[in-house]
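Residue numbering restarts at 1 for every chain, and letters A, B, ... go by the order of the sequence lines. All of these numbers come straight from a predicted model, not from anything done at the bench.
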Number of protein chains: 2
Amino acid sequence: MDLPTADRPAARFDVFAASCPSRRLLDAIGNKWASLVIVALGLEGPMRYSELSTRIDGVSQKMLTQTLRGLERDGLLTRTVTPSVPVRVDYELTPLGLTLLEPMRHLKDWAETHMPEVDASREAYDQKDT
Amino acid sequence: MDLPTADRPAARFDVFAASCPSRRLLDAIGNKWASLVIVALGLEGPMRYSELSTRIDGVSQKMLTQTLRGLERDGLLTRTVTPSVPVRVDYELTPLGLTLLEPMRHLKDWAETHMPEVDASREAYDQKDT
DNA sequence: CAGGATCCTCTATGATACTG
DNA sequence: CAGTATCATAGAGGATCCTG
C-alpha cells in the first residue's frame, strides 16, 4: 500500500496505542453480533438473511444488516444476491473469515471451561457488598 | 438482569441463546479496556493504578476504575491496597486471569497476521461506493 | 496516589413503518 | 424476502471537581 515509513518503526504492534490494529480488531469481532454471525456461518456454512435472523436470537433487523455490512466490508464474508422473485441473499465466510474461527474457538473453549469460576467469583464478590 | 432462575448450566452451550455464558464472556473481555488491562498485566506483571493509567493510552479514570472493578469481580485480577502514606494499590492477574492470556494471544496473532487484509478489503469496499 | 461523585454528551441499539 | 429510513432512548464513556 502506501504506508509512510513514519508509522512503521515506533508503532509496530503496541496494543496500548490508540492507533493499533488490535483495537480495530475489537471493533470487528468484539461486539456480540459480529462474533455470533461469524460463528454461525462457521458452524453451518452459508446462510440466508432470514436464517441468520432466526438463528441469532435477539438480534434486531437493523443490527443484523449493519453487522453483515461491516463484516463484508472487512472481507470476512461475502454477500451474494440472487435476483429471483422474492430476492434471495446468501452470506458466506470468506477464506479470511474462516481463519477467524480458530482463535474464536479458543475463546469459546476458555469460556466453557472457566465461566463457572467467573460466576462463582462474581457471586462471592457481590456477597461481600450486600 | 432479566434472568429468573437461569443459574443452571442449562442447555449446553448455545452461543446463539441470549443466556449463554459466551455472551457474558464478551462483556468481560469484549470491550477494549478490559482486554487491554489483561494484556498489560499479563505482559508486565503487577502494576499500580497509575502505571496502568499511563500505560493504557486514552483510558479515562472512570473507565479504568470501572474496568478494574469488573475484572476483580470476575476473579481475573486481584486488587491489593497498601496503606502507606500515599496509598498504593497494585493489580495483578489471578491464575484464572493468566489462563485468559493464551486465547487472547491467538486473537492478537490473528490481528497481526490478517489486519492488513482487512484494511485492504475495507479500502476496496469503500472505493466502490465513491 | 487512587479513586468517588457528578454532569453531560454522544453513540449504539431497538422499535416501527415503508419498499423493490 | 431482504432490506432502507426514521425516530427515540438507554447507557457507555468522557470531563471535571473533590477526598481519604
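Closest non-hydrogen pair, Thr99(B) versus Pro103(B), comes out as O-CD, 3.2 Å. Closest approach of Ile56(A) to Val59(A), counting heavy atoms only: O-CG1, 3.2 Å. Contact record, Ile38(B) with Leu93(B): O-CD1, 3.8 Å, taken as the closest heavy-atom pair.
Residues Met104(A) and Val39(A) have side chains in contact (heavy-atom distance under 4.5 Å, counting atoms from C-beta outward).
In this structure, Thr94(A) contributes its side chain and Leu76(A) its backbone to a donor-acceptor pair below 3.5 Å. Asn31(A) places a side-chain N or O within 3.5 Å of a backbone atom of Trp33(A) that can act as its donor or acceptor partner. The backbone N or O of Pro86(B) lies less than 3.5 Å from a partner atom in the side chain of Ser84(B), making a donor-acceptor pair.
If you check dG3(D), dG14(D), dC1(D) against the side chain of Tyr49(A), the one that comes closest is dG3(D).
Side-chain N/O atoms of Tyr91(A) include none lying less than 4.0 angstrom from OP1 or OP2 on dC1(D). Side-chain nitrogen and oxygen atoms of Arg48(A) include at least one within less than 4.0 Å of the OP1 or OP2 phosphate oxygen of dA2(D).
Ring planes of His106(A) and His106(B): parallel class, angle under 30° (limits at 30 and 60°).
Boundaries of the chain B contact region on DNA chain C are dC1(C) to dC7(C), first to last in 5' to 3' order (nucleotide atom under 4.0 Å from a heavy atom).
Per the geometry, CG belonging to Leu68(A) stands 11 Å off P belonging to dA2(D), to the nearest Å. Atom CG of Asp57(B) and atom C1' of dG14(D) are 14 Å apart (whole Å). Atom CE in Met63(B) sits roughly 5 Å away from atom C1' in dG13(D) (whole-Å rounding). As a whole-Å value, the separation of Lys32(A) NZ from dG11(D) P is 13 Å. The nearest whole Å value for the distance from the CG atom in Leu64(B) to the C1' atom in dG13(D) is 13 Å. Summarising the geometry, the separation between NZ on Lys62(A) and P on dA8(D) is reported as 13 Å, rounded to the nearest angstrom. Between the CG atom of Leu52(A) and the P atom of dG3(D) there is a distance of 10 Å, given to the nearest Å.
Between Ser60(A) and Pro86(A), the residue anchored closer to the 5' end of DNA chain C is Ser60(A), taking for each the nucleotide with the nearest heavy atom. Residue-to-nucleotide proximity on DNA chain C shows that, of Arg69(B) and Gln61(A), the 5′-proximal contact is made by Arg69(B).
Each salt bridge (charged side-chain N to carboxylate O under 4.0 Å, His left out) pair with one or both residues in residues 34-51 of chain B, not counting sequence neighbours, appears once here: Glu44(B)-Arg55(B).
Counting any heavy atom pair closer than 4.0 Å across all strands shown, Val89(A) reaches sugar-phosphate atoms only and no base atom.
Sorted by residue number, the members of residues 75-85 of chain B with any non-hydrogen atom under 4.0 Å from DNA chain C read Arg79(B).
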